[in-house]
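Heads up, the thing below is written out as structure tokens.
What you see is a predicted model; the values in this text were computed from it and never measured.
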Amino acid sequence: MNFSELFKLSGLLGRFSPDGKCLASCIQHRLLVRDASSLQILHLYTCLDQIQYIEWSSDSLFILCAMYKRGVVQVWSLEQPDWHCKIDEGSAGLVASCWSPDGRHILNTTEFHLRITVWSLCTKSVSYIKYPKACQQGVAFTKDGRYMAVVERRDCKDFISIFVCNNWQLLRHFDTESQDLFGIEWAPNGCVLAAWDTCLEYKVLLYSLDGRLLSSYRAYEWPLGVKSIAWSPSSQFLAIGSFDEKVRILNHVTWKKITELDHPATISSKNTIVYKEVEKSPTVDTERLTFPPTRALASSLFSTQSKYEISQVPVSLQYTKPVADRANPKVGVGMLAFSADNCFLATKNDNIPNAVWIWDIRKLKLSVVLEQLSSIQGFQWDPCQPRLAVCTGSSRVYLWSPAGCVVVQVPGEGDFQITSISWHPSGDSMLLLSKENFCVCYLEREEVK
């Protein structure tokens with residue numbers, strides 16, 4: 001593994017382009033575009049204010065920079081650096097901005113979710129979508145980019161509108177059997193739309209493209225309900241993470257539950273491998289000590305190294321009791337992700353914040369638990385093979401694959417606390433982000449294979 005030097009960053013705004021050739025990052029109001037392999041600066045753009053959000057167009061030719069405080073979006077072209085576009089929402093304000101799948105339209109959501117404005121970069125035409133609902137995931141595009149679903153709230157009822165993306169014509173508009181719709185997500189094949197209710201009501205609704213209700217799923221009635229949802233890449237499974245610390249997997253034929261994955265505080269199965277991160281201080285030869293110590297020696301004296309050890313079952317994991325009288329309790333399965341080959345599912349139960357659970361979907365059983373020293377900040381699967389990268393807010397990256405797992409220390413001085421990981425589309429490098437810096441981790445070709 002090789003690492004780049006650390007580069008300045010603000011707002012965790014670092015993104016690989018979809019074609020993998022470029023890397024965009026922000027420092028306050030400046031946008032830097034680098035070559036993804038050499039990290040040489042290709043373009044430097046200056047925006048009107050501090051950038052709060054960036055997004056690449058699907059063809060990697062344009063970059064959108066949103067400045068929500070100003071209600072302004074600026075668009076920059078890589079092919080024509082002199083060309084730029086500025087969209088000002090004026091007094092309507094701006095709370096969200098994104099590209100359409102064709103990379104030639106921008107969707108802006110105004111303050112108080114009064115409307116979504118669709119701006120065309122080609123014709124400069126403007127379209128409006130009224131009454132979008134203020135919820136966690138209210139706009140969703142099919143993977144092929146043909147259709148868009150929008151959650152709407154009218155007369156105290158939830159509706160879903162489906163639009164054709166090439167002309168923004170309304171294809172279907174239907175009401176939902178929900179109390180307070182919280183989010184929507186298309187299956188990767190674009191045939192089924194999953195919609196789920198707020199945590200106060202356990203309900204998952206599955207709709208066809210023409211608005212028919214295919215199925216409704218409810219695991220229980222009164223306690224807090226759905227916390228997270230993930231489709232498998234093949235669209236065969238829908239995983240539902242709940243506040244009761246379980247994941248329920250529905251199949252795509254009958255939309256019935258095929259299994260329930262529990263997250264107990266004690267792992268007792270001999271078929272599960274528990275990798276425990278342990279820390280150790282390096283040993284220093286006292287005969288080599290000099291005063292004052294060299295910089296390299298001083299850093300090694302006070303640095304600690306960590307590695308994985310296989311724990312013997314039964315293993316008791318660190319369990320955190322949630323605070324019952326506060327909003328958004330840290331309880332239940334809050335993170336879910338399928339591997340690219342559909343074979344594995346990674347989960348995190350917020351009651352056990354230091355553990356990642358890896359399930360074998362072929363056997364529908366728990367395969368591995370990674371027990372870390374610190375709380376899990378995030379994880380992401382390699383887009384090309386079953387390999388999981390995990391970060392915990394430290395200067396280490398943790399990699400798991402069916403062959404085993406490894407702890408990698410990011411070299412360099414200073415405190416580089418990795419809070420987000422993003423894989424390169426090819427899977428041969430990773431973008432490691434902290435609050436103020438980023439670096440790129442390049443994997444060796446043998447490791448990639």
Side-chain angles (χ1 to χ4, degrees), residues 1 3-4 6 9 11-12 14 227-228 230 241 245 263 265 267 272-282 299 302-311 315-322 328 330-337 339 344-359 366-382 386-401 404-423 429-441 443 447:
M1 251 181 219
F3 292 87
S4 73
L6 294 185
L9 184 77
L12 293 174
K227 188 164 190 179
S228 56
E245 304 176 45
H263 294 71
I267 309 295
T272 301
I273 302 171
V274 180
Y275 290 102
K276 182 181 177 69
E277 182 190 6
V278 292
E279 223 170 33
K280 57 170 186 166
S281 297
S299 61
F302 295 103
S303 67
T304 53
Q305 298 169 343
S306 76
K307 64 175 184 175
Y308 279 121
E309 290 183 352
I310 296 178
S311 299
V315 177
S316 294
L317 304 172
Q318 183 182 336
Y319 188 89
T320 305
K321 193 173 181 182
N328 304 313
K330 290 188 176 181
V331 55
V333 180
M335 293 170 71
L336 286 170
S339 62
F344 298 97
L345 172 69
T347 63
K348 179 198 170 189
N349 177 17
D350 292 344
N351 295 64
I352 307 173
N354 294 14
V356 179
W357 310 65
I358 301 171
W359 308 82
L366 181 61
S367 176
V368 171
V369 175
L370 306 179
E371 187 184 3
Q372 308 296 140
L373 290 168
S374 305
S375 179
I376 309 297
Q377 298 291 315
F379 54 71
Q380 192 175 30
W381 287 101
D382 183 325
R387 180 170 52 183
L388 186 71
V390 181
C391 62
T392 62
S394 68
S395 58
R396 303 183 187 111
V397 184
Y398 307 89
L399 292 171
W400 175 87
S401 74
C405 58
V406 66
V407 182
V408 183
Q409 176 72 44
V410 178
E413 298 172 14
D415 198 15
F416 181 53
Q417 299 178 338
I418 304 165
T419 56
S420 180
I421 292 176
S422 177
W423 282 94
S429 62
M430 290 183 292
L431 181 62
L432 311 177
L433 305 172
S434 74
K435 286 185 178 179
E436 296 181 348
N437 301 98
F438 77 89
C439 81
V440 179
C441 167
L443 287 90
E447 295 173 296

Legend entry - Distance-only polar pair, side chains of Tyr308 and Glu371, donor-acceptor under 3.5 Å: no

Legend entry - Check: Ser395/Gln409 side-chain N/O donor and acceptor closer than 3.5 Å: yes

Less than 4.5 Å apart, side chain to side chain, heavy atoms only: is that true for [X] and [Y]?
{"X": "Val408", "Y": "Met430", "result": "no"}
{"X": "Val315", "Y": "Lys276", "result": "no"}
{"X": "Ile418", "Y": "Ser434", "result": "no"}
{"X": "Glu277", "Y": "Cys405", "result": "no"}
{"X": "Ile421", "Y": "Leu432", "result": "yes"}
{"X": "Val278", "Y": "Lys307", "result": "yes"}
{"X": "Ser422", "Y": "Gln380", "result": "yes"}
{"X": "Val440", "Y": "Leu431", "result": "yes"}

Inset, instruction - Indicate the atoms forming the closest heavy-atom contact of Ala265 with Ile352, along with that distance. - result: CA-CD1, 3.9 Å

Legend entry - Backbone of Phe344 reached by a side-chain donor or acceptor of Ser339 within 3.5 Å: yes

Legend entry - Check: Ser228 side chain, Val333 main-chain N or O, donor-acceptor pair, under 3.5 Å: yes

Legend entry - Candidate list Glu245, Lys227, Lys330, His263, test side-chain hydrogen bond (donor to acceptor under 3.5 Å, both in side chains), partner Asn349, passing option: Glu245

Inset, instruction - List for me each residue that meets side-chain hydrogen bond (donor to acceptor under 3.5 Å, both in side chains) alongside Tyr275, sequence neighbours excluded, and say none if there are none. - result: none

Inset, instruction - Identify, with sequence neighbours excluded, every residue that meets side-chain hydrogen bond (donor to acceptor under 3.5 Å, both in side chains) alongside Trp400. - result: none

Inset, instruction - List the steps, then state whether side chain to side chain contact (heavy atoms under 4.5 Å, CB included) holds for Val410 with Cys439. - result: CA-CA 9 Å; Val410 178; Cys439 81; 4.1 Å; yes

Inset, instruction - In plain terms, say whether Glu309 and Lys280 are close enough for a salt bridge, that is, a side-chain N and a carboxylate O under 4.0 Å apart. - result: no

Legend entry - From Gln318 atom CD to Gln372 atom CD, the distance as rounded to the nearest 0.5 Å: 12.0 Å

Inset, instruction - For Gln377, look at atom CD and say whether over 12 heavy atoms of other residues, nucleotides or ligands are found less than 6.0 Å away. - result: yes

Legend entry - Val331, Thr320, Leu317 screened by side chain to side chain contact (heavy atoms under 4.5 Å, CB included) with Asn351, the one that passes: Val331

Legend entry - Option among Ile267, Val368, Thr272 that satisfies the side chain to side chain contact (heavy atoms under 4.5 Å, CB included) test with Trp357: Ile267

Inset, instruction - Decide side chain to side chain contact (heavy atoms under 4.5 Å, CB included) for Asn437 and Leu9; before the verdict, give the C-alpha distance in whole Å, the side-chain angles of both, and the deciding distance to 0.1 Å. - result: CA-CA 5 Å; Asn437 301 98; Leu9 184 77; 5.5 Å; no

Legend entry - Residues in ring-ring contact (aromatic ring centres under 6.0 Å, His included) contact with Phe3, at least two apart in sequence or another chain: none

